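Throughout, a chain's letter reflects where its sequence line sits, starting with A, and its residues are numbered from 1. Computed from a predicted model, the values in this text were never measured in an experiment.
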Amino acid sequence: MKPADAIRAELGRIARELGAPEGTDVILERPRDVAHGDWATNVAMILARPLRQKPRDIAERIRAQFRAEDAGVAAIEVAGPGFLNFRLRPEVIASVAGEIIAAGDGYGRNDSGRGEKVNVEFVSANPTGPLHVGHGRQAALGDAIATLLEHTGWDVSREYYYNDAGAQIENLAASVRARLLESKGQAAQIPEGGYHGEYIREIAASYSGEADDVESLRSHAVTELRREQDLDLAAFGVEFDTYYLESSLYDSGKVDKTVEALTRSGKTYEHEGALWLRTTDYGDDKDRVMRKSDGTYTYFVPDVAYHVTKWERGFKRAIDVQGADHHSTATRVRAGLQALAIGIPEGYPEYVLHQLVTVTRGGEEVKISKRAGSYVTVRDLIDEVGRDAVRFFFLMRKGDSPLIFDVDLARSQSEENPVYYIQMAHARMCGIFRVGAEQGISTDVSGADLSLLAEPEEQQLIKALEDYPAEVAASAAALEPQRLASYLLETARLAHLWYHKHHVLGQEPPLMRARLVLARAARVVIANGLSALGITAPERM
RNA sequence: GCGCGCGUAGCUCAGUUGGAUAGAGCGUCUGCCUCCGGAGCAGAAGGUCGUGGGUUCGAGUCCCGCCGCGCGCACCA
């Protein structure tokens, strides 16, 4: 049993004896200030009202009844308005390092998802051009969220939705056709809303069919762009389980079926030749058109049909990662799903929205790339700063904030660059074992006496390592990878600090063995954390 | 105008779902370091958490108003 669990159990026992109401949560917190001990609880303050006693009096009674010895507690103090602060015996703290090594790659995982299916949809770029930086942020976010869910026991399916039907694809085909004709010396113009990037010329050049065969031209263009996007994703190290084509929703009649079902629900009406859905019944600020007066559907109808398939495919939970410029779709899609009244919960799907990305170089905003013309591609970034740095930079800020991607910082191989700082901490821990092996030192740590890990830097580092599973759980539950990123930065800082202050190799064998355990435990946590974020943990830099 | 989001150190941002004296990096200043990798370390200065109310033992965190910024407001996607 971990020290914290022992304390929690003992507090629970006493709380019951004092007559605490059923279901009283005993929460242990890591105090911000180390002067407040290793663990603290506010349970006495929580109990003050139901027990009708002063918080400090309750705290005193808990302290008196606490079996400190059994729980590995060295001292308990009552502080402030009624906090109970616990100080553990150093060897009890140190013992955690051994458990971390034993758990290895599995350290930090839990099964709170109970193996239930969850669908995580992200990127979902239209096949009309290379992926841009916003897609990169989505790819990093979506993939990390998916991995975090896997680490917490969910059966995750990564899904990519291709909007391969509709007006923009026609524009794409028309744009390629214009470049094709142009290359043959004929006058042609890219249509309004068409695509102007260099890649359109490349697609035109690789097309061998007739310019007037629009069907063939369109399919060629989509194929080429899907291939290109696949290469971008491969370079980023993102793999999807499913690619879902919008066109298949039309082909299979699912769109028509959805419209019929919505019409039957009585939530629609005809107005000025169009078919409307009463999305205002579900919190929208105005009703939305489903079928335009020209007979075609607006985009959100296939979106609703698409999400119905997620539900029917057995995903009781679905998460959509999207740019914040799409936030209005959330209300509409949910409204459509509710109107169908087929048992889909109100908050389905969950949305993780992220703000825009600005790329800067030399303090100036970068706006264009060679191939795409009007925007920076994710490939530009990966080529320039590497996959790991791109991923980390996209994950270190919460999605709610706009993100400034500083290319110079991401490239720099110094401690100013957070991803290098963390990877370096990992490499250093590995370096100890590498150098040890070179010097012929046995790095066998069996039977190490961990009570020798008593230096303040060691105790602090171990406590941080002990917090890793809770950080993973919190990060996954909130769908916020940046929490884990912050945690890793702090843990790397503590690892660097320890490394510089205390040597491992060259110490008396018992102390060295204990410190080797700590070095390995730190390595395990940093490696597991980086892996949860989709970032590699090199053994040397 | 309406909806969503965001205002925390000079800059870039964290902030353990409501806890104790609000933190980190960069920058600035003062020192240190022959080392398992100097891609280093110790310390200092720096704050009315946009603003005004409210909720309660306690608010950066929750609620309301106001100010500022971003995004969205099509029978586009």
Side-chain angles (χ1 to χ4, degrees), chain A residues 27 29-33 35-36 40-42 45 48-49 54-55 79-83 85 126 128 163 165-169 171 193 246 271-276 283-286 288-300 302-303 323-331 351 353-356 396-404 406 409 412-418 420-421 423-424 427-436 438-439 441 467 470-471 474-475 477-478 480 482-483 485-487 489-490 493 496-497 499-507 512 515-516 519 540-541:
Chain A
I27 296 167
E29 290 183 327
R30 228 21 133 172
R32 272 200 257 263
D33 189 341
H36 294 142
T41 183
N42 63 350
M45 280 128 83
R49 194 189 294 267
K54 291 178 189 163
F83 289 103
N85 295 335
N126 301 333
T128 55
N163 288 108
Q168 69 229 305
I169 299 295
N171 273 332
E246 181 187 9
H271 178 64
E272 292 180 352
L275 183 66
W276 297 68
D284 206 349
D285 49 0
K286 57 183 178 184
R288 303 292 167 176
V289 170
M290 292 169 55
R291 192 173 57 223
K292 296 180 262 181
S293 47
D294 67 3
T296 62
Y297 297 119
T298 56
Y299 77 95
F300 95 93
D303 264 11
D325 54 342
H326 285 79
H327 76 251
S328 59
T329 68
T331 318
Y351 283 88
L353 302 178
H354 67 83
Q355 299 289 326
L356 298 181
M396 68 182 181
R397 304 291 178 230
K398 62 181 158 200
D400 291 335
S401 315
L403 186 137
I404 296 172
D406 183 340
L409 179 59
S412 91
Q413 306 209 347
S414 74
E415 85 285 359
E416 296 167 32
N417 182 347
Y420 275 88
Y421 189 75
Q423 289 181 321
M424 187 62 196
R428 278 190 156 145
M429 298 303 123
C430 295
I432 295 171
F433 288 89
R434 189 172 56 243
V435 171
E438 284 164 15
Q439 296 177 355
I441 296 170
D467 290 342
E471 292 289 342
S475 213
E480 291 183 350
Q482 96 279 351
R483 291 188 184 211
S486 295
Y487 164 83
L489 264 177
E490 171 64 12
R493 194 180 70 80
H496 283 299
L497 208 145
Y499 176 91
H500 276 281
K501 196 139 183 184
H502 306 288
H503 274 224
V504 177
L505 302 178
Q507 303 292 333
M512 185 184 77
R515 287 188 175 166
L516 283 170
R540 58 199 309 170
M541 307 283 295

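Put simply, NZ on A:Lys292 is 4 Å from P on B:C76, counting in whole angstrom units. Distance, A:Tyr299 OH to B:C75 C1': 13 Å, rounded to whole Å. Atoms NZ (A:Lys501) and C1' (B:C36) sit 17 Å apart, rounded to a whole Å. Rounded to an integer number of Å, the gap from A:Phe433 CZ to B:C36 C1' is 11 Å. Atoms CG (A:Asp294) and P (B:A74) sit 18 Å apart, rounded to a whole Å. Put simply, CZ on A:Arg288 is 12 Å from C1' on B:C75, counting in whole angstrom units. Rounded to whole Å, the distance from CD1 on A:Ile169 to P on B:A77 is 12 Å. If you measure from atom OH of A:Tyr499 to atom C1' of B:C41, you get 13 Å, rounded to the nearest angstrom.
Residue-level contact check: A:Ala274 touches the bases, meaning some heavy atom is under 4.0 Å from a base atom. The residue A:Ala519 sits apart from the nucleic acid: no heavy atom pair falls under 4.0 Å. Among the protein residues, A:Gln482 comes within range of the sugar-phosphate backbone only, with heavy atoms under 4.0 Å from sugar or phosphate atoms but none that close to a base. In this structure, A:His354 reaches neither bases nor backbone, as no heavy-atom distance under 4.0 Å exists between it and the strands shown. Within the 4.0 angstrom heavy-atom criterion, only backbone atoms of the sugar-phosphate kind lie near A:Val435; the bases stay farther away. Within the nucleic acid shown, A:Leu497 comes within 4.0 Å of sugar-phosphate atoms alone, with no base atom in reach, counting heavy atoms only. Using a 4.0 Å heavy-atom criterion, one finds that A:Arg540 contacts no nucleic acid atom at all. A:Ser293 comes within 4.0 angstrom of a base, heavy atoms only. The residue A:Ala48 sits apart from the nucleic acid: no heavy atom pair falls under 4.0 Å. Residue A:Asp406 is classed as having no contact, given no heavy-atom separation below 4.0 Å to the nucleic acid. A:Ala474 comes within 4.0 angstrom of no nucleic acid atom, judged by non-hydrogen atoms across all strands. Across all strands, A:Asn171 comes closer than 4.0 Å to no nucleic acid atom at all (heavy-atom distances).
In this structure, the side chains of A:Pro402 and A:Leu356 stay at 4.5 Å or more apart for every pair of heavy atoms.
Considering only side-chain atoms of A:His503, the nucleotide from B:A14, B:C36, B:C41 that sits closest is B:C36. Across B:A20, B:A77, B:C75, the shortest atom-to-atom separation from the side chain of A:Trp276 is found for B:C75. Among B:G19, B:G37, B:A77, the nucleotide with an atom closest to any side-chain atom of A:Phe83 is B:G19.
Considering all non-hydrogen atoms of both residues, A:Glu480 and A:Ser475 come closest at O-OG, 2.7 Å. In plain terms, the two heavy atoms of A:His327 and A:Leu353 that are nearest each other are CB-CD1, 3.4 Å. Taking all atoms of both residues into account, the shortest heavy-atom contact from A:Glu471 to A:Arg483 is OE1-O, 4.2 Å. Nearest heavy-atom pair, A:Ile27 versus A:Thr41, reported as atom, atom and distance to 0.1 Å: O-OG1, 3.0 Å. Residues A:Tyr299 and A:Thr329 approach most closely at OH-CG2, 3.2 Å, considering heavy atoms. Heavy-atom minimum distance, A:Tyr421 versus A:His496: O-NE2, 3.0 Å.
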Do any N or O atoms of the protein come closer than 3.5 Å to N or O atoms of nucleotides 55-57 of chain B, and which pairs are they?
{"from": "B:C57", "atom 1": "OP1", "to": "A:Arg49", "atom 2": "NH2", "distance (Å)": "3.1"}

Polar atom pairs between nucleotides 22-27 of chain B and protein, under 3.5 Å, N or O only, would you list them?
none

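When the C1' atom is compared between B:G37 and B:C4, the two are found 49 Å apart, to the nearest whole Å. Rounded to whole Å, the separation between the C1' atoms of B:A59 and B:G19 comes to 10 Å. Rounded to a whole angstrom, the distance from the C1' atom of B:U48 to that of B:G60 is 13 Å. Nucleotides B:C76 and B:G53, compared at atom C1', are 43 Å apart to the nearest Å. Straight-line distance between the P atoms of B:G43 and B:U51: roughly 31 Å, to the nearest whole Å. A distance of about 23 Å separates the P atoms of B:A24 and B:C62, rounded to the whole Å. B:A22 and B:U16 have their C1' atoms separated by 14 Å, given to the nearest Å. Spacing between B:A77 and B:G18 at atom P, rounded to whole Å, works out to 40 Å.
Applying the 3.5 Å distance criterion, the base of B:A77 shares no donor-acceptor pair with the side chain of A:Asp325.
For the residue pair A:Asn126/A:Thr128, the side-chain donor-acceptor check at 3.5 Å is not satisfied.
Nucleotide B:G18 forms a pair with no other nucleotide shown, judged by Watson-Crick or G-U wobble geometry with both contacts under 3.5 Å. Summarising the base pairing, B:U56 is matched to no nucleotide, lacking a Watson-Crick or G-U wobble pair whose two defining distances lie under 3.5 Å. With a cut-off of 3.5 Å on both pairing distances, B:C36 has no Watson-Crick or G-U wobble partner at all. With a cut-off of 3.5 Å on both pairing distances, the Watson-Crick or G-U wobble partner of B:A24 is B:U12. Taking a pair to require two hydrogen-bonding distances under 3.5 Å in either a Watson-Crick or a G-U wobble arrangement, B:C6 pairs with B:G68. The nucleotide B:A42 finds its pairing partner in B:U30, both defining distances of the Watson-Crick or G-U wobble pair being shorter than 3.5 Å.
Looking only at distances, a side-chain donor or acceptor of A:Trp276 sits under 3.5 Å from a matching main-chain atom of A:His271. The backbone N or O of A:Met45 lies less than 3.5 Å from no partner atom in the side chain of A:Asn42, so there is not a single donor-acceptor pair.
To the nearest 0.5 Å, atom NZ of residue A:Lys292 and atom CG of residue A:Leu275 are 13.5 Å apart.
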Run the ring-ring contact (aromatic ring centres under 6.0 Å, His included) test on A:His326 and A:Tyr351 for me, step by step, so that the C-alpha distance in whole Å, both residues' side-chain angles and the decisive distance to 0.1 Å come before the verdict.
CA-CA 10 Å; A:His326 285 79; A:Tyr351 283 88; over 10 Å; no
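The side chain to side chain donor-acceptor pair (under 3.5 Å) test applied to A:Arg30 returns A:Glu466, A:Asp467, not counting sequence neighbours. Evaluation of the ring-ring contact (aromatic ring centres under 6.0 Å, His included) rule for A:His36 yields no partner, not counting sequence neighbours. Looking at residues two or more places apart in sequence or on another chain, you find no side chain to side chain donor-acceptor pair (under 3.5 Å) involving A:Tyr499.
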Would you mind building the protein contact string for nucleotides 5-11 of chain B? One character per nucleotide, 5' to 3', B for base within reach (heavy atoms under 4.0 Å), S for sugar-phosphate only, - for untouched.
SS-----
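Along RNA chain B, the nucleotide closest to A:Asn163 and the one closest to A:His327 are compared, and the more 5′ of them pairs with A:His327. Positionally, the nearest nucleotide of RNA chain B for A:Asp285 lies more toward the 5' end than for the other of A:Asp285 and A:His502.
Both geometric conditions, a ring-centre gap below 5.5 Å and a plane tilt below 30°, are not fulfilled together for A:His496 over the base of B:G40.
Base orientation of B:U28: anti, since the glycosidic angle falls outside 90° of 0.
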